[in-house]
Amino acid sequence: MLRRMDVQRTISQETTITGKGLFTGQSVKVTFRPAPDNHGIIFVRVDKQGAQVPALIGYVERRARRTALRNGPAVVETTEHVMSALAGLGIDNLLIELDASELPGLDGSALPYVQALQSAGLKEGVEPRRTLVLNEPIVIKRDGAMIAAVPAQEPGLSLLYELDYAAHPAIGRQLGSFTLASADDYVQQIAPARTFVLEEEAKALHAAGLGTHLTTRDVLVFDKSGPIDNSQRFADEPVRHKILDLIGDLYLMGAPIQARIVAARSGHALNQALTRELVKRHREQTHQAMALHRNVIDIRKLARILPHRYPMLLVDRVLEIDGERRALGIKNVTVNEPFFQGHYPTVPIMPGVLIVEAMAQLSGVLIGQRLENQGKLAILMSLDRVKLRRPVVPGDQLILEAETARLRPSIAHMRCRAYVGQDLAAEAEIKFMIVSDQQM
């Protein structure tokens with residue numbers, strides 16, 4: 001379930017930071033720009049015609065030793081440090097422009113990002129902040145590593161991490177705990193912790209052509225006696241950095257979480273697996289709540305909002321509307337649908353384009369929640385990342401979900417999904433042009 005706590009935040013003015021990618025060594029300039037409420041965190045590759053990459057778990061692409069995001073041809077590498085900084089400061093909405101594929105490694109911690117964002121000032125919005133509240137435990141185990149999330153009564157994110165480097169006495173076993181309840185605690189206790197590697201790992205990375213620009217003064221490289229040509233900021237700096245990474249990976253849920261996380265030897269892959277499961281559980285809880293059939297907008301009210309009529313009205317009911325941010329609706333698919341006469345007579349399958357149309361119609365309802373858009377038409381302008389995941393057949397109930405990515409006076413960008421039960425049936429990013437009747 002979601003609990004509304006506090007208000008959303010962005011930064012007061014733009015700020016810029018430059019450096020080299022931790023793995024690629026590529027020079028990169030990063031500009032942080034304020035964003036409106038309900039915008040979310042979005043990376044923009046200015047060197048890729050402004051391609052946008054949302055900071056959400058659904059865009060994660062598998063990488064070793066780091067977290068990367070991909071949207072079509074646009075990739076953003078090593079996002080965990082900046083995402084951790086955003087989570088620690090409680091920033092919900094931001095545009096992050098970069099002119100290369102990898103964010104700068106800087107000193108290997110989140111502190112330079114924190115300092116840059118603090119220098120820009122934090123600005124409160126008016127919309128309430130959405131916090132995911134975990135209701136049931138989740139445990140994931142892989143290859144001797146474990147990560148678990150359990151419900152917590154207290155606000156904030158509580159983390160307990162066990163780091164096991166028993167074979168490397170300079171690090172050994174470390175147990176770190178932290179509660180993400182205030183920005184000050186994060187800035188002092190977690191943000192300064194730097195990334196670390198063993199000497200043999202550093203040599204292997206160099207041999208693979210990664211991180212060749214780095215020296216032992218730039219990152220913590222441990223041999224048997226301790227950091228080479230360097231010193232630790234904390235006696236347990238490695239476990240603090242693991243907590244830093246975990247906070248960043250969890251923030252790819254798109255909202256903060258109230259839960260207790262316990263991890264042992266967990267890395268980015270396991271962190272991401274937990275984040276996916278948390279998002280999935282939240283969706284399941286939402287769909288279960290929908291079974292109560294809260295009738296926010298019934299078919300008669302829909303007919304007054306949408307211009308569509310039989311046989312093209314493809315939303316039967318809107319069950320939930322969260323301001324201008326999100327809407328949930330349903331389409332009951334019966335064998336009497338006119339399109340089943342020809343698609344296909346012996347194997348009736350709902351056309352994928354009509355599933356997309358149903359998602360677009362729900363988006364139109366959401367767009368119309370803004371006062372100045374009432375009475376206007378949302379005309380479909382473009383489709384991106386369209387995927388049809390499973391067939392929809394007579395007897396299915398499509399659960400439609402539309403989320404606002406960007407809403408401007410004349411343009412809307414929506415992220416949509418359609419489910420049958422808990423199975424994802426289709427997804428798409430849809431852009432609309434908002435016009436009045438007189439403009440048509």
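What you see is a predicted model; the values in this text were computed from it and never measured. Position 1 is the first residue of the sequence, and the numbers go up from there.
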Inset, instruction - Could you tell me which non-hydrogen atom of Pro104 sits nearest to which non-hydrogen atom of Val30, and how far apart they are? - result: CD-CG2, 3.5 Å

Legend entry - Residue pair Glu199 / Phe222, side-chain heavy-atom distance below 4.5 Å: no

Inset, instruction - For the pair Arg325 and Asp322, find out whether any cationic side-chain nitrogen is under 4.0 Å from an anionic carboxylate oxygen. - result: yes

Legend entry - Smallest separation among heavy atoms of Pro34 and Glu14, with atom names: CD-N, 4.0 Å

Legend entry - Between Tyr165 and Phe196, ring centroids under 6.0 Å: yes

Legend entry - Glu97/Lys29 ion pair, N-O < 4.0 Å: no

Inset, instruction - Return yes if some donor-acceptor pair links the side-chain N/O of Glu124 with the main-chain N/O of Arg9 below 3.5 Å, else return no. - result: no

Inset, instruction - Starting at OH of Tyr113, measure out to OG1 of Thr15 and round the result to the nearest 0.5 Å. - result: 12.0 Å

Legend entry - Name of the residue among Leu22, Val28, Thr79 meeting side-chain contact (heavy atoms from CB on, under 4.5 Å) with Glu102: Leu22

Inset, instruction - May I ask you to test the Ile171-Leu198 pair for a side-chain heavy-atom distance under 4.5 Å? - result: yes

Inset, instruction - Say whether, by atom type as modelled, one donor and one acceptor occur between the side chain of Asp396 and the main chain of Leu398 under 3.5 angstrom. - result: no

Inset, instruction - Look up atom CG in Leu250 and atom OG1 in Thr275, then write down how far apart they are to the nearest 0.5 Å. - result: 4.5 Å

Inset, instruction - Please indicate whether Lys141 has more than 12 foreign heavy atoms, meaning atoms of other residues, nucleotides or ligands, lying under 6.0 Å from its NZ. - result: no

Legend entry - Side-chain donor or acceptor of His206 paired with backbone N/O of Gly211 under 3.5 Å: yes

Inset, instruction - Evaluate the side chain to side chain contact (heavy atoms under 4.5 Å, CB included) criterion for residues Ser84 and Tyr186: first the C-alpha distance (whole Å), next the side-chain angles of each, then the deciding distance (0.1 Å), finally the verdict. - result: CA-CA 9 Å; Ser84 186; Tyr186 173 83; 2.7 Å; yes

Legend entry - Closest contact, heavy atoms only, Val197 versus Leu205: CG1-CD1, 4.5 Å

Legend entry - Test side chain to side chain contact (heavy atoms under 4.5 Å, CB included) applied to Ile330 and Val315, step by step: CA-CA 6 Å; Ile330 59 173; Val315 180; over 6 Å; no

Legend entry - Salt bridge flag under 4.0 Å for residues Arg217 and Asp229: no

Legend entry - Distance (rounded to the nearest 0.5 Å) between Met381 CE and Ile434 CD1: 9.5 Å

Inset, instruction - Using a strict cut-off of less than 4.0 Å between a Lys/Arg side-chain nitrogen and an Asp/Glu carboxylate oxygen, indicate whether Asp107 and Arg233 qualify as a salt bridge. - result: yes

Inset, instruction - Take Leu274 and Ile261 through the side chain to side chain contact (heavy atoms under 4.5 Å, CB included) test and state the conclusion after the steps. - result: CA-CA 10 Å; Leu274 176 64; Ile261 308 296; 4.1 Å; yes

Legend entry - N/O donor-acceptor pair under 3.5 Å between Glu237 side chain and Arg194 backbone: yes

Inset, instruction - Begin from the C-alpha positions of Glu324 and Asn38 and carry the test side-chain hydrogen bond (donor to acceptor under 3.5 Å, both in side chains) through to its verdict. - result: CA-CA 8 Å; Glu324 302 169 2; Asn38 299 320; 5.7 Å; no

Legend entry - CD (Gln49) with more than 12 external heavy atoms under 6.0 Å: no

Inset, instruction - Specify the closest pair of heavy atoms between Lys123 and Ser12, including all atoms of both residues, with the distance to one decimal. - result: CB-OG, 3.7 Å

Inset, instruction - I would like to know whether Arg326 and Glu320 meet salt bridge (Lys or Arg N to Asp or Glu O under 4.0 Å); could you show each step before the answer? - result: CA-CA 8 Å; Arg326 181 170 174 267; Glu320 180 181 324; 3.4 Å; yes

Legend entry - Note, Ile41 side chain near Met83 side chain (heavy atom, < 4.5 Å): yes

Legend entry - Heavy-atom side-chain proximity of Thr404 to Leu366 below 4.5 angstrom: yes

Legend entry - Salt bridge Arg415-Glu403, side-chain N to carboxylate O under 4.0 Å: no

Legend entry - Test side chain to side chain contact (heavy atoms under 4.5 Å, CB included) applied to Leu220 and Thr195, step by step: CA-CA 7 Å; Leu220 288 176; Thr195 191; over 6 Å; no

Legend entry - Atom pair CZ/CG of Phe178 and Leu246 - distance to nearest 0.5 Å: 11.5 Å

Legend entry - Lys/Arg N to Asp/Glu carboxylate O, Glu427 vs Arg385, below 4.0 Å: no

Legend entry - Minimum heavy-atom distance Arg142-Ala273, with the two atoms named: NH2-CB, 3.6 Å

Inset, instruction - Could you grab the distance from atom NE2 of His241 to atom CG of Leu163, nearest 0.5 Å is fine? - result: 11.0 Å

Legend entry - Exam field: side chain Asn93 to backbone Thr10, donor-acceptor pair closer than 3.5 Å: no

Legend entry - Check: Val76 and Tyr59 side chains under 4.5 Å, non-hydrogen atoms: no

Inset, instruction - Check whether any side-chain N or O of Arg265 sits under 3.5 Å from a backbone N or O of Gly144 as a donor-acceptor pair, and report yes or no. - result: yes

Inset, instruction - Run the salt-bridge test on Arg129 and Asp92 with the 4.0 Å N-O cut-off and return the result as yes or no. - result: yes

Legend entry - Nearest heavy atoms of Gln189 and Phe234, plus distance in Å: O-CZ, 3.9 Å

Legend entry - Among Gln26, Arg63, Arg70, side chain to side chain donor-acceptor pair (under 3.5 Å) partner for Glu77: Arg63

Legend entry - Short side-chain to backbone donor-acceptor contact, Asn230 and Pro227, under 3.5 Å: no

Inset, instruction - Can you measure from CG (Leu132) to CZ (Arg281) and round to the nearest 0.5 angstrom? - result: 11.5 Å

Legend entry - Polar side-chain atom of His213 near backbone of Gly21 as donor-acceptor pair, under 3.5 Å: yes

Inset, instruction - Return the set of residues passing salt bridge (charged side-chain N to carboxylate O under 4.0 Å, His left out) with Asp47 (not counting sequence neighbours), or none when no residue passes. - result: Arg45

Legend entry - Note: Arg65-Asp245 ion pair, threshold 4.0 Å (strictly below): no

Legend entry - Given Asp236, Ile190, Leu160, the one that forms side-chain contact (heavy atoms from CB on, under 4.5 Å) with Ile243: Ile190

Legend entry - Donor-acceptor pair, side chain of Gln369 and main chain of Val365, under 3.5 angstrom: yes

